[in-house]
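Read through the structure below, which is laid out as structure tokens, and then see the notes.
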Amino acid sequence: MKAIGGIMLVAIALLCIGSAQADIPKGAPVTAPPPIPMAPPPALSKPAPPLPPTPKVRAKPAESPGTWINPDDYPKAALYNEMTGNSAFRLFIDPTGKVSHCQITVSSGFEVLDNATCERLIEHGKFTPARDGKGKLVADVWNSRVVWKMPFATPQPIREGTGIATFQINKLGVVTDCAVKVKSWDAETSQEPCWNSDNMPPLAGLEMRGYGEEPIVEVDMEWSSSFSSAGRDRLMQDRPGYQTRSLLVFRFEVNAEGRMTQCAMERQRGSEKLIHNICSQAVKQLYAPLKDATGTPVSTPGWIINRILRKLGP
């Protein structure tokens with residue numbers, strides 16, 4: 001997917017609803033790495049238990065998995081040595097919804113990152129328990145991955161633009177297909193499959209599509225950025241043939257040094273279950289500020305608009 005600017009990158013990154021990431025701000029202090037423990041925690045050192053039978057009702061995260069690992073969880077030794085990678089894992093969930101074991105299924109290539117993945121997920125992972133055909137609480141497993149990535153190497157440009165992820169969601173709230181289209185005012189539209197969209201919680205999918213009996217409903221998750229109130233208002237206008245399930249508007253300002261000094265939600269409409277605040281992540285990024293006619297960097301105010309749009313009719 002072609003990058004169209006730092007603000008848009010932050011917005012599009014939120015399309016991976018329910019995924020766990022560890023993003024470290026560029027200004028994070030880098031200190032000498034502490035001694036690496038010689039032995040992992042007991043839950044990691046035990047052999048993986050046998051896979052339980054597939055239950056009728058699967059275990060589901062009780063909260064967004066993206067909250068289980070935070071930027072501060074990036075191991076200092078990995079940060080100091082610029083280690084990055086994806087740690088794919090399998091969590092074993094007991095009948096109470098607690099994580100009883102974590103197994104790395106595909107290593108990041110760095111044991112320190114893999115160990116941190118399981119340590120944090122065992123500590124913070126919470127699930128709604130699985131049930132068998134008789135309604136009895138049973139064990140289950142859950143698979144996903146953690147993306148360990150360093151901060152942006154260079155400041156990201158600020159541009160006006162729009163990103164759209166088009167989801168096909170079935171009546172159970174499960175995403176069956178998804179594609180991303182990104183468009184800025186000075187860049188062509190590009191399209192590619194959504195990253196990690198299979199981890200979207202079904203509850204979010206149901207809120208996005210609505211609770212109906214249609215086998216498949218098409219839903220657009222739209223992110224836009226504008227530097228003018230007129231542009232903001234235009235991007236908020238109803239789209240013919242679509243129902244607005246959620247509208248969120250954020251006001252921001254990037255100073256001449258490329259830091260987002262202000263970010264706050266300005267407006268909200270629609271389902272309260274689809275409310276999320278991008279500011280906590282957006283303020284950690286470094287941006288390339290706009291310049292005036294003399295080439296001097298200047299502060300840049302603007303808006304980010306997020307809409308969930310349900311397509312009406314066939």
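- Partners of Arg232 under the salt bridge (charged side-chain N to carboxylate O under 4.0 Å, His left out) rule, at least two apart in sequence or in another chain, are Glu266.
- Looking at residues two or more places apart in sequence or on another chain, you find a side-chain hydrogen bond (donor to acceptor under 3.5 Å, both in side chains) between Asp292 and Thr294.
- The salt bridge (charged side-chain N to carboxylate O under 4.0 Å, His left out) search around Arg120 returns Asp73, not counting sequence neighbours.
- Residues meeting the salt bridge (charged side-chain N to carboxylate O under 4.0 Å, His left out) test with Asp220, sequence neighbours left out: Arg239.
- In this structure, the side-chain contact (heavy atoms from CB on, under 4.5 Å) partners of Arg131, at least two apart in sequence or on a different chain, are Val57, Leu137.
- Residues passing the side-chain contact (heavy atoms from CB on, under 4.5 Å) test with Ala256, sequence neighbours excluded: Pro297.
- For the pair Asp132 (side chain) and Pro55 (backbone), a donor-acceptor distance under 3.5 Å is absent.
- Every pair passing disulfide bond (SG atoms under 2.5 Å apart) that includes a residue from residues 277-307 is listed here, sequence neighbours excluded: Cys263-Cys279.
- Checked against Trp223 for a side chain to side chain contact (heavy atoms under 4.5 Å, CB included), the options Leu235, Ile278, Ile305, Leu248 give a single hit: Ile278.
- The closest donor-acceptor contact from the side chain of Thr128 to the backbone of Ala59 lies at 3.5 Å or more, if one exists at all.
- For residues 293-314, the set of pairs meeting the salt bridge (Lys or Arg N to Asp or Glu O under 4.0 Å) definition, not counting sequence neighbours, comprises Glu214-Arg310, Glu222-Arg307.
- With Ser87 contributing its side chain and Val146 its backbone, the two residues share no donor-acceptor pair below 3.5 Å.
- The stretch residues 282-313 participates, sequence neighbours left out, in no disulfide bond (SG atoms under 2.5 Å apart) pair at all.
- Annotation: salt bridge (Lys or Arg N to Asp or Glu O under 4.0 Å) contacts involving residues 165-176, sequence neighbours excluded, comprise Lys171-Glu213.
- Partners of Glu218 according to the side-chain hydrogen bond (donor to acceptor under 3.5 Å, both in side chains) rule, which considers only residues two or more places apart in sequence or in another chain, are Gln168.
- Between Pro50 and Phe92, the shortest heavy-atom contact is O-CE2, 3.9 Å.
- Using a distance-only test at 3.5 Å, with no hydrogens or angles considered, no donor-acceptor pair links the side chain of Gln262 to the main chain of Ala264.
- Annotation: ring pair (Phe, Tyr, Trp, His ring centres under 6.0 Å) contacts of Phe127 (sequence neighbours excluded): Trp68, Trp142.
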